[in-house]
Undergrad: 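What follows is a structure written as structure tokens; I'll ask about it next.
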Amino acid sequence: MKNTLIILFAGACLFFNSCTKKTSTAMVNEMVDTTTAVLKYQGNFQKGPYGTVSGSVMIYQTNGKWQLKLTNFSTTNGPDLKVYLSKEVQPLSFIKLGDLKSTTGNQVYDINGSPDFMQYKYALIHCEQYNHLFGSAELMMP
Amino acid sequence: MKCMIKIIVLLMVSSAPIIAQAQLHSTNRFADITGTVGSSQGTFAASYVYNWKIGKQQKIEIGLGARWTTYLGTKKDFLTAGPAEKTRTSTTPFLIFFAGQQEQNFDTLTVQRPLTNSLNLTINLGYNLSRKWYAGFNIDLIGFSFGRKGSGILTSNGTTTNEPNAKPSSFNVLLTGDHDKGTLNSEFFIKYQLDDRWALKAVYQFIFVEYETVNRKQTFSDGSSNDRFRNKANNFGLGIAYHFIK
């Protein structure tokens, strides 16, 4: 009886502990091919209510495809950090570009389709699991 | 809805003679606690069961009970939960199980940290395989739920929006298939009797969990809207039962 309770308790502990996964801190250094890419929008990160984010964001267009680049980027770590293009600073309508690859470095994310950057005018670092904004950058023409 | 209520009343009335006959015979009363786990989700349930033994050999049991179920998960997808005429090709009660799905009307609400608590009336069926082994099935009938409000991401008609205040549906009722509302737990289980009072239980669980959106709604092509989204989970687990002996 006692053993059964211990097994059930251990299972519950494992389940709860598996819920939080932080972002990698390993430095990333990805580049955009600037011989063909055209810089269309850029911005600088401001810290959000739940984290400190610094660095800049650039939106490039290459042969009709769009890419987002984080340059000299750094953020405090957190669980389930994502990169969004959003219509608002606090994301309500947004496009998810993916999991944040690392808390530091230069990172490139592909953007599906052709978003209207007059509407999707913010790049965000957002903790999706807890709906916490870590940082935002308003996109402007260079 | 009226049709569903008629069916439930009919089932209750038709089962009354069986229960009345069963009352002449002995009963099996037990309480159990069960933990289950699935993919990024799990449940804890505590229940009380009052079964009547029926048949000549009294191997078959039928009864009612009450069950508390706590469900929690991480990043679970909840799909459009109704109305049934939007999600199934036929809405005839019971036959709805075999109806095709209208997947073009399915949207997804990804709830980041779902947690629901439900208290439901249950119906229970069991069969005494031997002195030590017992097989059973139970399902929630009606009750209520409450739980954690939280953020969800609604992916609807190709757009992604954040719903900051997704919440569990408060009313639960079993009406078959996509007519069901709320959070409903069901179990197939095998029980092994350790002694007169204690038994171990191995469980396959099928549970519906329902969340509602508050600010964002799914809009169907005819202009009607939906705010109910359901996660259907298959879990496995273990439990302990305590039998009340006179």
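Numbers restart at 1 for each chain; the letters A, B, ... are given by sequence-line order, proteins then strands.
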Undergrad: Is it the case that more than 12 heavy atoms not belonging to A:Lys69 sit under 6.0 Å from its NZ atom?
TA: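 Check passes, neighbour count above 12.
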Undergrad: What pair of heavy atoms forms the shortest contact from A:Glu128 to B:Ser151, and how long is it?
TA: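 Shortest heavy-atom separation between A:Glu128 and B:Ser151 comes out as O-OG, 3.9 Å.
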Undergrad: Spell out the residues in residues 108-138 of chain B that have some non-hydrogen atom less than 4.5 Å away from a non-hydrogen atom of chain A, in order of number; otherwise answer 'none'.
TA: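 B:Gln112, B:Arg113 fall under the 4.5 Å cut-off.
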Undergrad: Answer with side chain, backbone, both or neither: which region of B:Thr160 has an atom nearer than 4.5 Å to a non-hydrogen atom of chain A?
TA: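 Both backbone and side chain.
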Undergrad: More than 12 heavy atoms of other residues, nucleotides or ligands under 6.0 Å from CG of B:Asp222: is that the case?
TA: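 Yes - once you tally the heavy atoms of other residues, nucleotides and ligands closer than 6.0 Å, there are more than 12.
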Undergrad: In terms of heavy-atom contacts, does CG of A:Asn63 have more than 12 from other residues, nucleotides or ligands at under 6.0 Å?
TA: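 Counting neighbours around CG of A:Asn63, 12 or fewer heavy atoms of other residues, nucleotides or ligands fall under 6.0 Å, so no.
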Undergrad: So which heavy atom on B:Ile153 is nearest to which on A:Tyr84, and how close?
TA: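 Looking at all heavy atoms of both residues, the closest pair is CD1-OH, 3.7 Å.
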Undergrad: Counting N and O atoms only, with roles assigned by atom type, does the side chain of B:Asn162 sit under 3.5 Å from a partner on the main chain of A:Pro91, one being a donor and the other an acceptor?
TA: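 It does hold such a pair.
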Undergrad: Step through the shown structure and confirm whether more than 12 heavy atoms of other residues, nucleotides or ligands are within 6.0 Å of CG on A:Asn29.
TA: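 Check passes, neighbour count above 12.
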Undergrad: How many angstroms lie between CG in A:Asp80 and OG1 in B:Thr74, if you round to the nearest 0.5 Å?
TA: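 These two atoms lie 9.5 Å from each other.
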Undergrad: Does B:Arg216 reach the side chain of A:Leu92, with side-chain heavy atoms less than 4.5 Å apart?
TA: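 Touching, per the 4.5 Å side-chain cut-off.
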Undergrad: With sequence neighbours excluded, give me every salt bridge (Lys or Arg N to Asp or Glu O under 4.0 Å) pair touching residues 38-63 of chain A.
TA: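 Not a single pair qualifies under salt bridge (Lys or Arg N to Asp or Glu O under 4.0 Å).
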Undergrad: May I ask you to check whether over 12 heavy atoms, not counting those of B:Lys86, lie within 6.0 Å of atom NZ?
TA: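 Yes, the 6.0 Å shell around NZ holds more than 12 heavy atoms from other groups.
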